[in-house]
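Beneath this line is the structure, given in structure tokens, with notes to follow.
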Amino acid sequence: MQNRPHKDWKAKLHEIIYGTHTPAGKLFDIVLLIVILYSVIIVMLESDSRFDVKYHGFLNISEWIVTILFTIEYILRIICIKTPRKYIFSFFGIIDLLSTIPKYLSFFIIGSQYVAAFRALRLLRIFRILKLVRFVGESNNLIRALKASRAKIFVFVFFILVLSVLLGTIMYLVEGPEHGFNSIPHSVYWTIVTLTTVGYGDISPQTGLGQMIATIIMIVGYGVIAVPTGIVSAEYASSNRKEKGKKKEKACDECGTVILKKDAHYCRVCGFRLIED
């Protein structure tokens, strides 16, 4: 393989945009994160009609600036990667596109009959917040913890559902329709609301026995909240211990191939120059 003493501009750009090992790459991610947060704030402020009327000009200019920045970022991501199709049709590629095009489409959607569609289209810009996921390094561990604990959580949720049906039936027998418990499904609804400590207050027990049962349900509810949290937390801690025990693997930033040799300078599959740790 022919050595490349100096990276071309595409390789350097790829290292900055897709890599996080260099100061420039970290700076790019930080700036992008700030722009994403700013764009989300703009969308939130635009949803307030009073604020939008007062500062419409500023919000419109800010939106155009953000849209142009995201457009440049989207184009650069396509230019610097060897397989643009892979990025364009990836999850984040689609999200990046959806978060960019609504402002441009506003030129073509004119007329009162399209107002409803235009408003729905503007909501697509909120998808920008999904790009924040790429900055959360621990998200993979959390996903693994949720997958590992899904069986335990399912059993727990099934138990709560059975308990809610039993307690709801009991409350229907104790209180009856005269106190708002019109049917067993309605009573089960009240039980779930009480068990989750939401407590809408649209139905409330009137008898002494019913109030005592409601008190027990509320106390149980506090314990119920902690159970799934404990399950996921235990799996998360276990996942972290396993990750620390594993040997850290190095992967190619271009194609994701695991690098077997520590002293390798180029990827054995795509030939991309590897970033030195």
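All figures in this text were calculated on a predicted structure; none of them were measured in a lab. Computation of the quantities below employed the complete heavy-atom set of this structure, encompassing side-chain atoms and omitting hydrogens, waters and symmetry-equivalent molecules.
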Side-chain heavy atoms of [X] within contact of [Y], under 4.5 Å:
X      : Y      : result
Leu45  : Ile41  : yes
Ile192 : Val188 : yes
Val224 : Phe156 : yes
Pro205 : Ile213 : no
Asp96  : Phe70  : no
Ile30  : Ile34  : yes
Tyr104 : Trp64  : yes

For Tyr55, is the OH atom crowded, meaning more than 12 foreign heavy atoms sit under 6.0 Å from it?
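Counting other residues, nucleotides and ligands, OH of Tyr55 stays at 12 neighbours or fewer.
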Would you say that more than 12 heavy atoms from the other residues, nucleotides or ligands in this model lie under 6.0 Å from the CZ of Phe159, or not?
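No, the 6.0 Å shell around CZ holds no more than 12 heavy atoms from other groups.
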Under the side-chain hydrogen bond (donor to acceptor under 3.5 Å, both in side chains) test, residues paired with [X] that sit two or more places apart:
X      : result
Thr196 : none
Tyr189 : Asp202
Thr207 : Glu175

Can you tell me if Gln206 and Ser204 form a side-chain donor-acceptor pair at under 3.5 Å?
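There is such a pair between these side chains.
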